[in-house]
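The shown structure was predicted, so the numbers you read here are calculated from the model rather than taken from an experiment.
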Amino acid sequence: MPTFRPFHLRADCRRVPWLRVVLAALAVATIFLPAAPVRAEPLLGRFLPQVDAGTLVPGAERFGEPEGAPPLAPALSGGKVVGYAYLTSDVVGTAGYSGKPIHTLVGLDPSGTVVGAKLMEHHEPIVLIGIPEDRIEDYIAGLIGFNPLQAAARGESAPDVDIVSGATVTVLVIGDTVIRSAGRMAQRVLGDPGPGADVGPRRVVDPEGGQAADWDTLLGNGAVRRLRVSVGDVNAAFERSGNRKAADRPEKGEPSDRFIDLYVALVSQPAIGRSLLGDGGYERLRKRLGPDGAAILVMGEGRYSFKGSGYVRGGVFDRIEVTQGTETIRFRDKQHERIADLAAEGAPNFKEIALFRVPAGVQFEPAETWSLQLLVQRATGALDKAFTSFALDYRLPEPYARTVQPKAPAAATAAPSSPAAPAAAAGQTAATESEPAVPLWQRIWRSKVVSIVVLGAMLAALTGIFFFQDVLVKHEKLFDRIRLGYLAMTLFWLGWVAQAQLSIVNVLAFLNSLRTDFQWSHFLVDPLIFILWFSVAAALLFWGRGPFCGWLCPFGALQELANRGAKLLKVPQLKVPWAVHERLWPIKYVIFLVLFGVSLSSLATAEQLAEIEPFKTAIVLRFMREWWFVAFALALLGAGLFVERFFCRYLCPLGAALAIPGRMRMFDWLKRYRECGNPCMRCFNECPVEAIHPEGHINPNECISCLHCQVLYRHDRKCPVVIQKRLKREKRAAMASPSLGARPAERPRIAADKL
């Protein structure tokens, strides 16, 4: 039976008061206790002092006090206002791939033109783990010079800026928020009431207009609009883009071959909705939309998917968007519903049919002209992609729309003539949009049900391995195959497919959030990472850091599997002398303390220094990175071919961070004999990470719970103690045998090399 230590623990044969165990348990548990909700406050005043006024608004010398809601700060030259500054996250929702806020400062001139923009803070993992931030900044710089109000008046769209491949969702969200917020704040600067204001006749959806019709009728009267893109169209678009790498990789096939046939319809209009969705489908949609909601049906056929396969990772569809004036609408997975087939008579059988609900709080006039933008991407390298777009314009036909006159200004309030006047309507819109009915983390969890189930099965299997280890370790070959299979699953699925590699960056971000603006939802946006951390916290209390380091770390699995291969190829294995080993393993604790200390003053700098972990290169990016990162990762793996788990032993800051609370574990399930270390040293010699001291006891700080010592503990051909027991049993059996009763039993001997 395992030893249970509820009130004390043994650490290097020293007793620790039970209070420390309780405190450690509480400290680990706080990771998973929900924090009190934090109400979002305007952050413009926090970020303005970090930039020079002249870099955001050319000619400005300083910023005035932010005023209004959302806050807008005048940029002053002497006593004259030469522009304005605001923070995008104060105006519109800015959750990106990570689900965390992206804070961008934007400068406007008095005409509402974007004259400066600077990314101030983000937590986007794809940028932290390999996409250079200057590429994101170059993308933002491409938006400078855009005037959203003038563009809307001329019917123009936002500037066509090169999208950063590998960070598509991130830059699209940044671009959308800059453009949308600029439009709203420009209206405020100029006193323009903006879209939706009753300043003249406007078209609205007529709920009584039109009648149910077949497919050909809907297509003929414009209720359904079509965009056909051929292979030749795509190749010509990339030729015109000037990107030679993209142009040199043309789409295969004849120029007339179909690339995609894209159809779109406004199905929130009752007649169109009933025609395409059927009466039952439309009624379900109407209940979800409410009286003023809008929904768009998108249908596609061809080799190119308008949905793609990557949107579920961040909950964002990155191949389509709806634009109208200064507003850009991008859909998330919660606003999406897959439709199997159409109800309209004569409708084709489409490869993809998707229903998108326009999110609440967006300034969208469904009966006015809007455009569905299709983003086409083409790989130009291992990680690089080029992009081009095609537009499908839509205007609700007359039978389904009507024109209304403006309401009489009963108690109209004059438009704000200065930025100091509060913009309550804009603030209300921003608040509505930034607080969706269903949090982003819940939408992401629902989109990853299959991955969550697989990870849950892996954790359940590992729990079973630990609870029934006494049975499994008796069967050496079976246990070895189970371990190899589990490590392969950890590397290939958990690491390279699901990309659920824990990192010291997670620890530093959590500790930093406790000191600043902790929000529970930030740690729920990646379900696999959250579940892994939950399991690690539980394992720390029960067994220490071993279950993660030895079984659930993809890079650890890669090291061990690579070393297994090296042994099969007869690569010589180096045994680090104990005196050297015990002076090297503290290095990882020094690395962790340095990273922790740096994170207290600059989390961004600590995240850059955390590149000492090769996890991002080897696991998340699968070695598709700059050569120096790849060379560093391969060097560590190369060292591991000769010294098993070299990185885990001496350099891993995450292992060090987990080892500290791991000393407070409640169970000691790794059994030892009194003879271990004196005279027998077999476990000391065979421990793959030298976690067993020469005197025989196991160092919990270094143990990865591979259970190899437990296999030896019960092996009647390798462990001298068990060998003695086996020989005694055989002697008693021989003495009890009638056929051998008169013959003297040979005295068993133990080979010297077993000790």
Side-chain donor-acceptor contact under 3.5 Å, Asn243 with Ser241: no
Any donor-acceptor pair under 3.5 Å from Asp109 side chain to Val82 backbone: no
N/O donor-acceptor pair under 3.5 Å between Arg319 side chain and Leu374 backbone: no
Separation between CD of Glu611 and OG of Ser503, rounded to the nearest 0.5 Å: 8.5 Å
Distance-minimising heavy-atom pair for Gly83 and Val57: CA-CG1, 4.0 Å
Gln269 (side chain) donor-acceptor with Asp206 (main chain) under 3.5 angstrom: yes
Within 6.0 angstrom of Asp248 CG, more than 12 heavy atoms from elsewhere: yes
Distance (rounded to the nearest 0.5 Å) between Thr88 OG1 and Leu44 CG: 10.5 Å
Evaluation steps, side-chain contact (heavy atoms from CB on, under 4.5 Å), between Leu372 and Tyr394: CA-CA 8 Å; Leu372 180 72; Tyr394 187 93; over 6 Å; no
Heavy-atom closest contact (Tyr84 atom, Pro74 atom, distance): CD2-CA, 4.0 Å
Heavy-atom donor-acceptor pair, Arg378 side chain to Ala246 backbone, under 3.5 Å: yes
Backbone N/O of Leu76 and side chain of Arg62: donor-acceptor pair under 3.5 Å: no
Charged N-O contact under 4.0 Å between Arg395 and Glu368: yes
Atom of Ser599, atom of Leu508 and distance for their closest heavy-atom approach: OG-CD2, 3.8 Å
Step-by-step side-chain contact (heavy atoms from CB on, under 4.5 Å) determination, Phe306 to Val298: CA-CA 9 Å; Phe306 67 82; Val298 183; 3.8 Å; yes
Parallel, tilted or perpendicular: ring planes of His336 versus Phe356, cut at 30 and 60 degrees: tilted
N/O donor-acceptor pair under 3.5 Å between Arg357 side chain and Glu337 backbone: no
Main-chain N/O of Leu396 paired with Arg203 side-chain donor or acceptor, under 3.5 Å: yes
Contact check, side chains of Val505 and Lys616, non-hydrogen atoms, under 4.5 Å: yes
Ser371 side chain to Gln373 side chain, donor-acceptor N/O pair below 3.5 angstrom: yes
Val205 and Ser268, any side-chain heavy atoms less than 4.5 Å apart: no
Check: Gln324 and Thr369 side chains under 4.5 Å, non-hydrogen atoms: no
Closest non-hydrogen atom pair, Ala610 against Leu595: N-CD2, 3.9 Å
Exam field: side chain Asn147 to backbone Ser111, donor-acceptor pair closer than 3.5 Å: yes
4.5 Å side-chain heavy-atom contact, Met120 and Thr104: no
Point-to-point distance, once rounded to the nearest 0.5 Å, from OH of Tyr86 to CZ of Arg184: 10.5 Å
Exercise: identify the closest heavy-atom pair between Phe63 and Ala85: CE2-CB, 3.6 Å
Derivation of the side-chain contact (heavy atoms from CB on, under 4.5 Å) call for Trp370 and Thr323: CA-CA 6 Å; Trp370 47 270; Thr323 61; over 6 Å; no
Test: Lys80 and Glu61 ion pair at under 4.0 Å: no
Spacing of CZ belonging to Arg225 relative to CG belonging to Leu392, to within rounding of 0.5 Å: 6.5 Å
Thr55 OG1 to Lys118 NZ distance, which is reported to the nearest 0.5 Å: 7.0 Å
Point-to-point distance, once rounded to the nearest 0.5 Å, from CH2 of Trp628 to OG1 of Thr617: 11.0 Å
Test item: Ser305 side-chain N/O and Lys307 main-chain N/O as donor-acceptor pair under 3.5 Å: yes
Audit row: Glu321, Leu375, side-chain contact (heavy atoms from CB on, under 4.5 Å) steps and yes/no: CA-CA 8 Å; Glu321 66 182 13; Leu375 185 69; over 6 Å; no
Heavy-atom pair of closest approach, residues Arg330 and Ile320: NH1-O, 3.4 Å
